[in-house]
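Here the structure is a predicted model, which is why all the values come from computation and not from measurement. The sequence lines fix the lettering, A, B, ..., with proteins before strands; numbering per chain opens at 1.
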Amino acid sequence: MGCGMGKTQLQLKKCDRVSISVPAATAIRAALLIQRWYRQYAARLEMRRRCTWKIFQSIEYAGEQDQIKLYTFFGFLMDHFTPASSERNLISHIFRKNEFCHDTEWERYFCYKSIEVTDSYTGPHLTFPMTFCGVSKLVEAFKHKQQLHAQYVLQLLGETWRLLRIFPNISQISAYHNKQITICGDLHGQLEDLLLIFYKNGLPSSEKPYVFNGDFVDRGKNSLEILLILFGFLLVYPNDVHLNRGNHEDHIVNLRYGFTKEVLGKYRVHGKKILKLLQKIFSWLPLATVIDNKVLIVHGGISDKTDLDAIARVDRHKYGSALTPPKPTKHAVNGSKTQTINNREACGPVEGRRRVCSLTYCSSGPAHRHDLPRRSLHNAHVSSQFNWSLEKELKKRRRMAGFDQSYGELRKSDSDSDPESGETTETDVGEWKQIVDVLWSDPMAQNGCIPNEVRGGGCYWGPDVTEEVLGRHNLQLLIRSHECKQDGYEFCHNRRVLTIFSASNYYEVGSNRGAYIRMGPDLVPHFIQYQASRTCRELTLRQSVGWTERSALRALREQLFVHKSDLISAFQEFDPNNKGMISLRHWASATERVLNLGLPWRLLRPQHVSSTQCGMVDYQQWIRELSITEPKQEISDNSILETMYKNHSNLETIFRIIDTDHSELRFLNFYNKSLITFEEFRQTWKLLSSHLQTEISDKAIADLAQSIDFNKDGVIDINEFMEAFRLVDISAHT
Amino acid sequence: MADSTQSAEAIVSDVHKKIRAAFEAFDYESNHTVDVREIGTIIYSLGCFPTQANLHDLIAEVEEDHTGYIHLDKFLPAMTKVLLDLKFPSIPEDLLLQAFEVLDKEKKGYLEPEELTKYMTQEGEVFTQEEMDEMLTALADPEKNLVYYKDLISQLTIDPDM
């Protein structure tokens, strides 16, 4: 700790021109004083930074948990509602259980040829098959904030979809032949970070292989651009660019965290089509990458049940969203137990759905067999660790994708129809758990393996589980992402687990650095760190901490406001004589009980509440001061207002589900706005109120609807509705 | 007599709460232990201004036999004594100003990064290169790249009471 570091040559050169003429003893005393003072100051800053971090993180994870709870609730409703119920339609939308589509129909639906690229389009033009020049052009265009035409988007995505279907669940790669592999973590739509990585490290190529470890989308505002760039490089270098699925590569998570909104906003006419194609692409993303049979790379982590053989065997595309476990087929009428596979005859269209995955898409040329990527068979080392033969799997996939058979021949193979194929077996839930664990889990310091209740999915796993799982598979290192780290990376579990996170300034400008890994044949990770924003370099350390802190406190104040009534009740329990004052200790304890965020409230107290003499808190006044701007509308029933505010994320998610369904009608909508009908609004509220176990009367909903502007024939503009409560994303301001 | 005893107890109880709160922020496993490398931050954040030597001594007193961890049971009484005895009092602003002025022999009103670096990394309880870089980032005016110490002292010594 600060015990004399030797002078460097550089320092000597610089300092030589400064001559000291101060008496030595005085100078030493002065220096000591300043050092003491500065270290204290730096430590206090560090303390504030830690608290700020904890705030952001706990709010972030609480949001994820919230969403999972909502979806679990919907799943429960699906199982127990009778068909007569009108809410069933709404929920069916959410789970899209009624969508059956043959592959040819999908191909036709995704066909881009009918979309015209007019002369007024000033963005980049792409030709296919994709080339390095093409992708570079794309990168340049996005750097200059251009937008790719929907026709090219659909074409690029279509090619990606076809390619991904022949990849195995676990990519096997090698760092032999002196190849340095670059590994990147979460990007979350932050294009500046991806561009910074390419600038520092170079673009992907055969000489420069990359692994991108999931969470490319959501939160940032350029999720789609990042995907298009990554997929572009994937098409050009399928052997050298590897994408792992993250928990945000999930169409249901996207509804809440901004990606769906981004796509529909940028592509008003074709947005829904693009989202549907992306939904398929996400389900086809590989789940893991292994380097030289020694280093495992997955997005979230592992559990004590993790079995790479099992993961290698699953039909990964059946799991469209990790949030909805596979359900056994139901009889339509009375929700009784599922039919077994043997009773297939009763089920009509099942046989018809077993189609070959044909490549009968709208392109002119025949499939170019010799261009097909020859993955893994070259790279795979002598004996794969896994029992499931890679070769076998590759053969199976190529057959499924129609490469090994002549056009039009029918084979028994899985079609790419929607997940609920009606043939789920008991192993499905086990498989589903393997996938969720790998996408959602977080490491913990203690031994053991417990459900990850903070996030709502996956588990927390301890160092003993790391040792066991790595040992069982003869691996030496687990690289994962999923959690933001201040320095962009962090080791844990005796350096057997490495977290890599590539989205800098994730919570706020200056909150954290991003990092990526370079790894050579020795499989030793080397780190390169960076911070994207130009403004942040100009801030002093103190300003940067202050900025982040203010942002976190704002977010926290919003949480506090939302729980106003509960807080007051909790405070009143400590104030039986109704004096309006409680002790600091009680304030901290009540606040934690209501918010349940696990924050160090005593430390945060000075930022939130001014105590009177004797360390008491005037809580009534404090609550009053918490109020944000009054909403524009006058709403009589205050409890609804509060409930609405508290659940605005859930509300917005549901609205967006409905909205996504509408977008093909958008060309009819003169104002191009996101609209839902009064009836949908009412249904949403009913659902939400049973989820929250509160009573909301029809009259109250009607009053609410009345107070919102309904001059468009009984439709509500979603964005206006949300804006009424000043519920604007922080991301919209960066 | 009874009154003053009570207030003394209340004071101690309050001090205990402060220490616990600061400790908890670094108690990641919720088992009343913190990594020894974090203890300096905790002690500083409680408003103390120890020297490095002071820190070493305190840590030696409370560390669990070279495990690299410190348990609250040992830390609490030791730290309580430190706070009650006002062992490492804060540095008065004028004294700090004098110290800077000593180093600013030309009385320019500011220090150049090289000047400050020379002293901080060569004299007293020297800074590591990392600490020095951080200090300059924190204190140097971003445009002129000079340390205007007078302004800094008044801005930075005020901090909300924990």
Side-chain angles (χ1 to χ4, degrees), chain A residues 1-5 7-8 11 14-18 20-24 26-48 50-51 54 444-446 537-545 584-585 588 598 600-603 605-607 610-611 615, chain B residues 14 17-18 20-22 24-26 28-29 31 40-45 47-52 55-56 90-91 95-96 98-103 105 112 114-129 131 134-135 137-142 155-157 159-162:
Chain A
M1 274 213 250
C3 291
M5 199 151 136
K7 302 173 196 170
T8 63
Q11 260 175 287
K14 263 196 175 171
C15 300
D16 272 355
R17 59 181 183 83
V18 178
I20 313 179
S21 54
V22 179
T26 323
I28 293 175
R29 276 209 307 277
L32 274 168
L33 203 71
I34 294 172
Q35 284 155 348
R36 190 151 61 97
W37 164 79
Y38 176 74
R39 282 175 168 132
Q40 208 267 4
Y41 163 74
R44 284 202 326 270
L45 265 187
E46 173 63 16
M47 187 60 116
R48 280 165 64 190
R50 297 273 177 138
C51 289
K54 194 113 212 295
M444 66 174 175
Q446 301 92 325
R537 238 170 278 136
E538 289 158 12
L539 294 174
T540 66
L541 184 60
R542 176 172 59 95
Q543 286 169 332
S544 149
V545 170
L584 270 175
R585 182 162 62 91
W601 288 102
R602 278 204 63 111
L603 282 182
R605 196 267 310 151
Q607 312 281 8
S610 44
S611 59
Chain B
D14 203 45
K17 282 177 207 160
K18 282 196 181 126
R20 271 184 224 277
E24 265 167 36
F26 292 88
Y28 299 126
E29 297 172 35
N31 57 359
T41 310
I42 297 176
I43 295 173
Y44 282 127
S45 77
C48 301
F49 286 74
T51 63
Q52 298 292 75
L55 273 180
H56 277 299
S90 64
I91 301 168
L95 208 56
L96 189 57
Q98 273 179 48
F100 274 108
E101 282 172 347
V102 160
L103 303 185
K105 33 188 201 350
E112 284 168 18
E114 294 82 26
E115 280 180 279
L116 191 56
T117 303
K118 189 177 170 64
Y119 286 114
M120 294 294 104
T121 56
Q122 289 181 33
E123 310 286 358
E125 286 178 329
V126 296
F127 276 176
T128 61
Q129 189 57 47
E131 278 179 298
E134 199 186 85
M135 187 190 204
T137 319
L139 303 186
D141 177 297
Q155 279 169 20
L156 301 181
T157 43
D159 218 48
D161 175 33
M162 300 286 289

Checklist entry - Can the ring centroids of B:F127 and A:Y38 be said to lie less than 6.0 angstrom from one another? => result yes

Next on the checklist: Assess the residue pair A:R39 and B:E131 against the criterion (salt bridge (charged side-chain N to carboxylate O under 4.0 Å, His left out)); give the C-alpha distance rounded to whole Å, side-chain angles, the decisive distance to 0.1 Å, and a yes or no.
Outcome noted: CA-CA 9 Å; A:R39 282 175 168 132; B:E131 278 179 298; 2.9 Å; yes

Item to check | Gap separating the CD1 atom of A:I34 from the CG atom of B:L103, nearest 0.5 angstrom | outcome: 4.5 Å

Item to check | Over all atoms of both residues, closest heavy-atom pair of B:A99 and A:A30 | outcome: O-CB, 3.6 Å

Checklist entry - So, for B:Y119 and A:A31, which heavy atoms are closest and what is the spacing to 0.1 Å? => result O-CB, 4.3 Å

Checklist entry - Looking at OG1 of B:T41 and CD of A:Q40, how far apart are the two atoms once the value is rounded to the nearest 0.5 Å? => result 10.5 Å

Checklist entry - Does the side chain of B:F100 come within less than 4.5 Å of A:W37's, by heavy atoms? => result yes

Next on the checklist: Quick one: does any side-chain atom of A:R36 pair with a main-chain N or O of B:F49 as donor and acceptor, under 3.5 Å?
Outcome noted: yes

Checklist outcome for this item: Residues passing the side-chain hydrogen bond (donor to acceptor under 3.5 Å, both in side chains) test with A:E46, sequence neighbours excluded, are A:R49, A:R50

Checklist outcome for this item: Under 4.5 Å to a heavy atom of chain A? For B:L95 that would be both

Checklist entry - Within the side chain of A:Q35, is there an N or O that forms a donor-acceptor pair under 3.5 Å with the backbone of B:M120? => result yes

Item to check | Smallest separation among heavy atoms of A:R44 and B:S45, with atom names | outcome: CG-CA, 4.1 Å

Item to check | All side-chain contact (heavy atoms from CB on, under 4.5 Å) counterparts of A:I28, not counting sequence neighbours | outcome: A:L32, B:E123

Checklist entry - Using non-hydrogen atoms only, which part of B:F26 is less than 4.5 Å away from chain A: side chain, backbone, both, or neither? => result side chain

